[in-house]
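Keep in mind that the numbers below use all heavy atoms, side chains included, and drop hydrogens, waters and symmetry copies.
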Amino acid sequence: MSKRSPRRVPAPGAGAGAQRPTVTVCRGCCCGTPKIPGLDHAAQLRDLRQAVGGAARVRVTDCLDACERANVIVIQPSATGRRAGGRPVWLGLVNDRDATADIAAWVASGGPGVTDSPGILDLYTFSPSRRVRAELDE
């Protein structure tokens with residue numbers, strides 16, 4: 001259980017950006033810090049932004065409260081993807097360039113609900129707690 005105080009986080013994909021997928025990259029207390037050694041966190045974010053280009057919105061948020069799975073990335077479907085049944089996909093332990101490239105390629109091709117994710121990303125997928133999901137959906 002986290003000792004941090006609860007806070008409200010706007011839902012990824014809300015607003016005008018919902019016409020395309022939203023990639024939310026955690027950069028809180030564990031993700032994006034030296035606590036995860038051997039990864040150039042700034043390069044990961046830069047590479048992700050460059051690879052998805054205008055196909056998705058990439059945003060950085062503070063702690064997503066899934067620290068045991070740092071680095072965490074959440075992919076919110078576009079409006080089209082959501083209508084097709086796509087739901088947010090939580091990916092944890094995204095600590096290598098290949099995983100980042102696989103995520104970027106999937107998102108650039110449409111993301112959840114539009115295209116199937118590369119099978120390798122199943123290794124990174126997890127389901128966050130109900131409380132964390134509720135905070136993101138508020």
Can you tell me how far CZ of R82 sits from CZ of R87, rounded to the nearest 0.5 angstrom?
5.0 Å
When you measure from the side chain of H41 to the backbone of I36, do you find a donor-acceptor pair of N or O atoms at a distance under 3.5 Å?
yes
Restricting to non-hydrogen atoms, name the atom on P112 and the atom on W106 that form the minimum distance, rounded to 0.1 Å.
N-CZ2, 3.4 Å
Quick one: are L91 and T125 in side-chain contact, heavy atoms under 4.5 Å?
yes
Say you draw a straight line from CH2 of W90 to CD1 of I73; how long is it, rounded to the nearest 0.5 Å?
12.0 Å
Quick one: does N71's side chain have a donor or acceptor within less than 3.5 Å of a partner on N95's backbone?
no
What distance do L93 atom CG and L123 atom CG have between them, rounded to the nearest 0.5 Å?
10.5 Å
Selection residues 96-120 - residue pairs positive for salt bridge (charged side-chain N to carboxylate O under 4.0 Å, His left out), sequence neighbours left out
D47-R97
For a side-chain contact (heavy atoms from CB on, under 4.5 Å) with R46, tell me which candidate from Q44, Q50, R49 qualifies.
Q50
Value rounded to 0.5 Å, distance of OG1 in T24 from CG in L64:
7.0 Å
With distance as the sole criterion, is a donor-acceptor pair present between the side chains of S78 and R20 under 3.5 Å?
no
Kindly work out whether a path of hydrophobic side-chain contacts (I/L/V/M/F/W/Y, heavy atoms less than 4.5 Å apart) joins L39 to I120.
no
What are the two closest non-hydrogen atoms of L121 and A99, and how far apart are they?
CD2-O, 4.3 Å
Where is the tightest heavy-atom contact between G81 and V114, given as atom of each residue plus distance?
CA-CG2, 3.8 Å
Contact summary for S117 and D122, nearest pair of heavy atoms:
OG-OD1, 4.2 Å
Closest heavy-atom pair, D62 versus G28, reported as atoms and distance to 0.1 Å, is OD1-CA, 3.4 Å
Heavy-atom closest pair (C67 atom, C29 atom, distance to 0.1 Å) is SG-SG, 3.4 Å
